[in-house]
Amino acid sequence: MSTTPGPGPRLARSLAAPAPGWTVEADAIVVGSGIAGLTAALELRTRVPRVVLVTKGELSSGSTVWAQGGIAAALDPSDSPEAHLADTLAAGGGLADPEAVRVLVTEGPERVRELVARGAVFDKAADGDIALTREGGHHADRIAHAGGDATGAEISRALVAQIEAVRHDPGIEVVENALVLDVLTTASGRACGATLHVRGTGSRDGVGAVLAPAIVLATGGIGQVFRSSTNPAGATGDGIAAALRAGAVLGDLEFVQFHPTVLWLGSGAKGQLPLISEAVRGEGALLLDVNGHRFMPGVHEMAELAPRDVVAHAIVRQLAATGADNVLLDARHLGREFLRARFPTINARLLEAGIDWSEEPVPVAPAQHYHSGGVVTDLDGRSSVDGLYAVGEVACTGVHGANRLASNSLLEGIVFASRAARDIAARTDAGDLVRGEPALRPGGAALVAAAARSRIQKVASAGAGVIRSARSLAEADERLGAVRSDAHLAAEVVAEPQAAEWETTNVHMVARALTRAAWLREETRGGHYRTDFPRPDDAWRRRVRVRLDGGGVLTTVPSRHPAGD
């Protein structure tokens with residue numbers, strides 16, 4: 001087995017699925033109902049004649065509801081966008097795009113105020129202004145939160161209420177319980193719609209197609225590629241995989257953020273695990289090893305408030321040094337009443353697990369939390385495929401670089417969703433976005449048996465987890481390549497075109513592309529840690545970008561430093 005990357009794998013250009021049984025037309029499709037998708041749909045509804053909002057579950061089931069800590073913006077007069085920019089660039093490990101970050105931090109405060117105007121209720125300080133706190137990597141109090149540690153749930157509630165208020169407007173259609181299958185493209189490669197599988201009854205049931213000249217992917221993260229994650233079960237990388245099959249360029253796939261403090265529930269734990277928000281450390285909680293030693297002050301000047309990648313890697317090293325499976329988060333000195341009032345959701349979940357964190361430290365360990373990479377976009381959310389946009393976690397806007405700064409994700413969602421909606425509206429008015437005819441893409445159709453998912457997750461976690469090496473990545477690449485993914489599976493493999501198989505196919509495709517990108521980057525930077533290349537290398541201050549060529553081979557796309565991308 002070679003530990004040097006050879007030619008990229010050959011991947012399918014479509015999912016194996018029945019032909020669409022129904023078709024509708026629109027001016028724009030938005031796929032996803034987190035903060036990015038809901039914002040894009042609300043903005044588009046008033047700007048184009050007809051928009052279709054598609055969500056994998058129910059309207060209120062987007063990943064935003066799980067966001068605990070808050071949303072970062074320079075709202076305090078003593079703070080500034082420039083200071084927020086500096087902290088974001090520092091966390092990004094030299095790969096964040098300064099132009100994209102400047103857009104984020106300058107437009108962010110106004111977008112947060114728009115959230116308030118749309119009904120989001122943030123926690124207030126004694127003077128009546130929005131209460132602001134601090135999280136890792138921030139040098140100022142700029143994190144707005146709601147319900148203590150239920151910020152995402154409050155933002156989702158407010159935006160869903162706005163959609164519900166116009167749900168029967170003829171200019172918008174909401175399709176729930178719908179899995180996006182493929183982005184449709186014309187013979188020239190332009191996006192022209194999407195196929196969906198709707199689990200329900202009525203006119204929007206089974207596999208169908210929505211034809212539109214603009215498609216906005218807001219499908220969230222890739223957590224289910226790994227065995228343990230804070231992401232919900234629906235985070236199977238559907239948008240990234242669909243964009244890849246459509247010919248879009250992907251970037252920064254190797255930069256996976258493993259949250260340092262996820263509740264440790266034993267070595268056999270898998271699926272969605274409870275997150276202990278970074279805001280807990282922002283309020284003064286300390287990290288201890290199993291011997292009671294506080295280790296972060298000797299690692300970074302910001303100690304427990306160092307950027308997440310620094311904390312996660314420090315924890316992994318401490319686990320190796322002590323032979324333990326977890327470290328401890330000690331919040332006892334904050335007091336029972338404060339913990340209950342400031343972090344009611346976390347408090348309840350810990351009590352359900354039999355832990356009273358006012359009396360004992362909480363066992364924690366890193367787990368997959370956020371993906372800094374995705375579909376490469378410009379400052380208006382445009383991908384390399386004309387008509388295809390990406391916003392939120394599925395996108396690679398360049399604002400995160402090698403590592404996302406805490407609480408910048410919700411901000412990125414609203415800032416770039418708003419920009420994408422305005423761009424689509426302007427192009428629609430100018431006649432630049434016109435409907436096209438879908439064409440078959442060359443290459444085979446993919447289908448991976450749902451039974452293979454746990455094996456894929458185990459391989460990805462072992463090979464491309466917190467700690468990586470050429471050997472671990474080569475082994476992962478080989479083992480992932482052995483997973484049957486062609487539509488004409490052998491008779492002994494039970495696989496039918498249905499939701500579990502489609503999701504598993506997406507998990508497999510994302511795992512293959514991510515492993516490849518991590519294998520190519522021969523350095524350690526941000527969320528990418530290589531034991532065989534343990535230090536950053538200036539030669540790698542550039543984005544690893546990949547796409548499928550006409551034959552379906554995963555190939556690299558030349559890239560410069562992000563400032564010149």
Side-chain angles (χ1 to χ4, degrees), residues 68-70 87 90-91 93 133-139 141 143 145 148-149 228-230 256-267 269 273-336 338-340 342-343 345-347 349-351 353-370 403-407 465-467 524 526-527 529:
Q68 294 176 347
D87 285 345
T133 189
R134 190 174 305 197
E135 293 183 1
H138 292 272
H139 286 81
D141 292 343
I143 314 300
H145 50 85
D149 57 358
S228 299
S229 173
T230 63
V256 180
Q257 189 174 82
F258 293 87
H259 198 287
T261 53
V262 176
L263 181 62
W264 173 253
L265 293 175
S267 59
L273 300 178
L275 170 71
I276 311 299
S277 171
E278 187 140 8
V280 176
R281 280 176 284 132
E283 296 291 356
L286 306 176
L287 283 168
L288 312 175
D289 66 19
V290 291
N291 297 316
H293 170 67
R294 186 184 175 200
F295 54 91
M296 282 307 300
V299 174
H300 193 278
E301 62 179 6
M302 297 181 74
E304 280 81 4
L305 292 181
R308 288 177 178 174
D309 63 309
V310 175
V311 181
H313 296 158
I315 289 175
V316 170
R317 290 193 297 271
Q318 204 67 18
L319 296 180
T322 60
D325 293 322
N326 64 273
V327 296
L328 301 169
L329 184 68
D330 190 357
R332 291 174 293 179
H333 56 285
L334 299 179
R336 176 179 280 106
F338 176 83
L339 292 172
R340 183 183 300 166
R342 176 66 177 86
F343 303 108
T345 306
I346 297 172
N347 187 70
R349 288 179 183 165
L350 289 177
L351 290 175
I355 298 171
D356 180 352
W357 62 337
S358 68
E359 295 290 338
E360 58 184 315
V362 180
V364 294
Q368 193 280 338
H369 178 57
Y370 188 84
N403 182 49
R404 175 177 67 88
L405 183 64
S407 289
V466 182
I467 303 296
T524 287
Y529 190 99

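Values reported hereafter were calculated over all heavy atoms of this structure, with side chains retained and with hydrogens, waters and symmetry mates removed. Because the structure is a prediction, the values reported are computed rather than measured.
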Any donor and acceptor pair, going by atom type alone, linking the side chain of [X] with main-chain N or O of [Y] inside 3.5 Å?
X: T261; Y: I276; value: yes
X: N347; Y: R349; value: no
X: E304; Y: L287; value: yes
X: S407; Y: G70; value: yes
X: Q257; Y: R404; value: yes
X: N291; Y: H293; value: no
X: H313; Y: Y529; value: no

Measure the [atom1]-[atom2] distance between [X] and [Y] for me, rounded to the nearest 0.5 Å.
X: H259; Y: D309; atom1: NE2; atom2: CG; value: 12.0 Å
X: E283; Y: H333; atom1: CD; atom2: NE2; value: 10.0 Å
X: L275; Y: I346; atom1: CG; atom2: CD1; value: 6.5 Å
X: E278; Y: L405; atom1: CD; atom2: CG; value: 8.5 Å

What residues form a side chain to side chain contact (heavy atoms under 4.5 Å, CB included) with [X], not counting sequence neighbours?
X: L305; value: R281, M302
X: V316; value: P366, V466, I467
X: D325; value: W264

Please name the pair of heavy atoms, one in [X] and one in [Y], separated by the smallest distance, quoted to 0.1 Å.
X: A367; Y: S228; answer: CB-O, 4.0 Å
X: V311; Y: A306; answer: CG2-O, 3.5 Å
X: I355; Y: P363; answer: CD1-CD, 3.9 Å
X: A331; Y: L339; answer: O-CD1, 3.6 Å

* To do: Applying side chain to side chain contact (heavy atoms under 4.5 Å, CB included), run through N326 and V364 and close with a yes or a no.
  => CA-CA 6 Å; N326 64 273; V364 294; over 6 Å; no

* Give a yes-or-no answer on whether the side chains of H138 and D87 include a donor-acceptor pair shorter than 3.5 Å. => no

* Please check if any side-chain donor atom of H369 sits under 3.5 Å from a side-chain acceptor atom of T230, or the reverse. => yes

Could you check whether any side-chain heavy atom of [X] comes within less than 4.5 Å of a side-chain heavy atom of [Y], counting everything from C-beta outward?
X: M296; Y: I315; answer: no
X: P274; Y: L265; answer: yes
X: F343; Y: W357; answer: yes
X: L263; Y: L350; answer: yes

* To do: Only counting residues at least two apart or in another chain, list the ones meeting ring pair (Phe, Tyr, Trp, His ring centres under 6.0 Å) with F295.
  => none

* Those residues that, when tested against H145, pass ring pair (Phe, Tyr, Trp, His ring centres under 6.0 Å) (two or more places apart) -> none

* Asked: So V280 and L329, side chain to side chain contact (heavy atoms under 4.5 Å, CB included) or not? Walk me through it.
  -> CA-CA 9 Å; V280 176; L329 184 68; 4.0 Å; yes

* Asked: What pairs meet the salt bridge (charged side-chain N to carboxylate O under 4.0 Å, His left out) rule with one or both residues in residues 357-368, with sequence neighbours excluded?
  -> R336-E359

